[in-house]
Structures are given as C-alpha cells and as structure tokens.
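For reference, the structure discussed in these notes is given below.
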Amino acid sequence: NGQFASPATALHVPDLNYLWGINRVVTCQGPVLWINANAGGDVRELLITAGSLHRHSSGSNADRFAKLRVEALVLSKGLPPLNQSVLKGGPDVPNRILAEGGIRLGSPGSVATCKHSATLGQLAVVRNGVCSFRDFGITMSVLLDAKVHVQQDVVLAFWLRG
C-alpha cells in the first residue's frame with residue numbers, strides 16, 4: 001500500500017520539540033502520507049511546510065510538477081469539528097480520528113510568490129517563478145507553509161492535487 005499510507009501505518013513522531021522532516025515518493029497505492037505526532041500536552045505551534053521537487057534541482061523533467069499543490073488535514077482534540085464537506089476530495093478518515101476535530105490546509109492557486117509562506121521567512125525565495133527553499137542542497141518548491149496551534153497529540157494527512 002505504500003509507506004506511511006494509512007492511519008494504521010502512519011509515521012510516528014515521538015516529540016514535537018524537534019524539527020522533523022520526511023521525503024516520500026507518492027504512488028497510486030499510497031497517495032496519502034499519514035503522520036502521528038505527540039504534542040506532550042502543551043500548546044504547540046505546529047509548523048507545517050510541504051512541497052515537491054523544483055526544476056532548479058531536477059531539470060526540465062520536474063516541469064510536470066508545476067501544477068501540483070498539497071492538501072493537508074490536521075486532526076487533534078481542541079480543533080474545530082470537521083464536517084464531510086471539508087473532507088471532499090480528501091482521504092478517508094476513520095471516524096475515531098475525525099471525531100477529534102481538525103482543519104484542512106491547502107496550497108494557494110499560485111506559488112509564483114512566497115506570500116503564502118508562514119514559517120520559512122527569508123529562507124523562502126522565488127526561483128524560476130516558483131516559491132522555493134533549499135534543504136540539504138536540494139531546491140524544493142514551497143507548496144504549503146502554515147502554522148497551527150495544537151494542544152493534544154495530532155494526526156496529519158498530506159496528499160497532492162493537480
């Protein structure tokens with residue numbers, strides 16, 4: 001089914017006091033990346049940045065990623081209740097997780113500027129007409145960059161559209 005492709009096989013992040021990152025190839029068998037994270041009971045400002053390959057690092061073959069956008073669900077007790085209309089076009093979410101509440105995040109229609117970047121500051125710059133950042137020498141597009149406050153353990157789901 002793909003790595004970390006369901007709530008049951010989610011990547012477990014044991015401590016949100018540290019920065020965590022993951023690179024994952026999206027497949028037809030595993031279109032959604034699921035993550036479980038421990039908030040430790042304290043209010044946490046969760047910094048969420050998601051992107052894809054950028055042609056600056058990948059050459060013209062990465063042009064096929066130009067219209068991709070990232071969607072995400074942040075599910076945690078204390079967040080507003082979710083209804084089915086918010087989930088339209090998203091992954092199937094088990095009722096036990098859905099009952100906790102959450103929010104849906106999405107990429108802006110255009111990533112030609114970095115106005116949507118809420119966490120990267122000056123690290124987000126426009127390269128070849130796309131908001132991007134460098135991570136371990138690789139240029140990645142910044143498709144989603146948001147802050148969410150959580151007080152409880154959190155379940156995250158990421159998927160692509162476009």
Side-chain angles (χ1 to χ4, degrees), residues 1-53 65 67-124 130-133 135 140-162:
N1 276 350
Q3 191 175 34
F4 314 124
S6 73
T9 62
L11 172 67
H12 179 69
V13 174
D15 189 345
L16 289 177
N17 285 316
Y18 300 96
L19 293 176
W20 286 83
I22 181 173
N23 291 320
R24 179 179 177 262
V25 175
V26 174
T27 65
C28 293
Q29 295 77 27
V32 180
L33 167 64
W34 288 89
I35 299 172
N36 293 323
N38 290 20
D42 298 328
V43 174
R44 300 270 187 230
E45 183 175 63
L46 194 59
L47 307 179
I48 300 170
T49 302
S52 71
L53 290 175
F65 300 120
K67 297 204 184 290
L68 286 181
R69 298 295 179 264
V70 175
E71 300 285 326
L73 283 175
V74 180
L75 304 155
S76 183
K77 289 180 184 173
L79 292 176
L82 282 171
N83 61 47
Q84 290 300 320
S85 65
V86 172
L87 298 174
K88 186 177 181 182
D92 291 330
V93 180
N95 286 333
R96 65 176 172 74
I97 297 172
L98 191 58
E100 295 184 354
I103 59 170
R104 183 170 178 167
L105 304 172
S107 300
S110 171
V111 291
T113 70
C114 293
K115 290 179 184 176
H116 65 285
S117 179
T119 72
L120 292 173
Q122 293 180 348
L123 297 175
V130 177
C131 183
S132 64
F133 74 104
D135 187 29
M140 303 295 289
S141 59
V142 178
L143 302 178
L144 177 65
D145 194 37
K147 297 177 184 179
V148 178
H149 288 88
V150 297
Q151 329 180 40
Q152 304 288 325
D153 293 349
V154 63
V155 175
L156 299 136
F158 295 90
W159 67 98
L160 298 175
R161 69 173 161 85

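Proximity of W20 to L11: side-chain heavy atoms (C-beta onward) are nowhere separated by under 4.5 Å. Residues L156 and L46 form a side-chain contact, since some pair of their non-hydrogen atoms from C-beta on lies under 4.5 Å apart. In this structure the side chain of S76 never reaches within 4.5 angstrom of the side chain of V155, judged on heavy atoms. No side-chain heavy atom of D153 sits under 4.5 Å from any side-chain heavy atom of N36. Taking 4.5 Å as the limit, some side-chain heavy atom of P80 sits within range of a side-chain heavy atom of I103. Looking only at side-chain heavy atoms (C-beta outward), F158 and I48 come within less than 4.5 Å of each other. Inter-residue side-chain proximity for V13 and N38 is flagged as unmet; no heavy-atom pair is nearer than 4.5 Å. Considering only heavy atoms from C-beta on, P91 comes within 4.5 Å of W34 through its side chain.
Pairing each heavy atom of V26 with each of L160, the nearest pair is CG2-CD1, 3.9 Å. When all heavy atoms are compared, the tightest approach of I97 to P7 is CD1-CB, 3.8 Å. Looking at every heavy atom in both residues, A50 comes nearest to V70 through CB-CG1, 3.8 Å. Taking each heavy atom of G121 and S117 in turn, the nearest pair found is N-OG, 4.2 Å. Between D145 and A118, the shortest heavy-atom contact is OD2-N, 2.9 Å. Nearest heavy atoms, L87 versus R104: C-NH1, 3.7 Å.
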**side-chain hydrogen bond (donor to acceptor under 3.5 Å, both in side chains) between T49 and T119, intermediate numbers included** = CA-CA 8 Å; T49 302; T119 72; 3.2 Å; yes

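Under 3.5 Å, the side chains of S132 and S141 contain no donor-acceptor pair of N or O atoms.
Counting only distance, with no hydrogens or angles, the side chain of H116 and the backbone of V142 share a donor-acceptor pair below 3.5 Å.
Taken from CZ in R96 to CG in L75, the straight-line distance is 10.5 Å, to the nearest 0.5 Å. With rounding to the nearest 0.5 Å, the separation of OG in S110 from NZ in K115 is 9.5 Å. In this structure, the separation between CG on D92 and OG on S6 is 11.5 Å, given to the nearest 0.5 Å. Annotation: the span from F133 atom CZ to L120 atom CG amounts to 6.0 Å, rounded to 0.5 Å.
Residue D15 qualifies as enclosed at atom CG: its count of foreign heavy atoms under 6.0 Å is above 12.
Salt bridge R161/E71: present, at least one basic N to carboxylate O contact under 4.0 Å.
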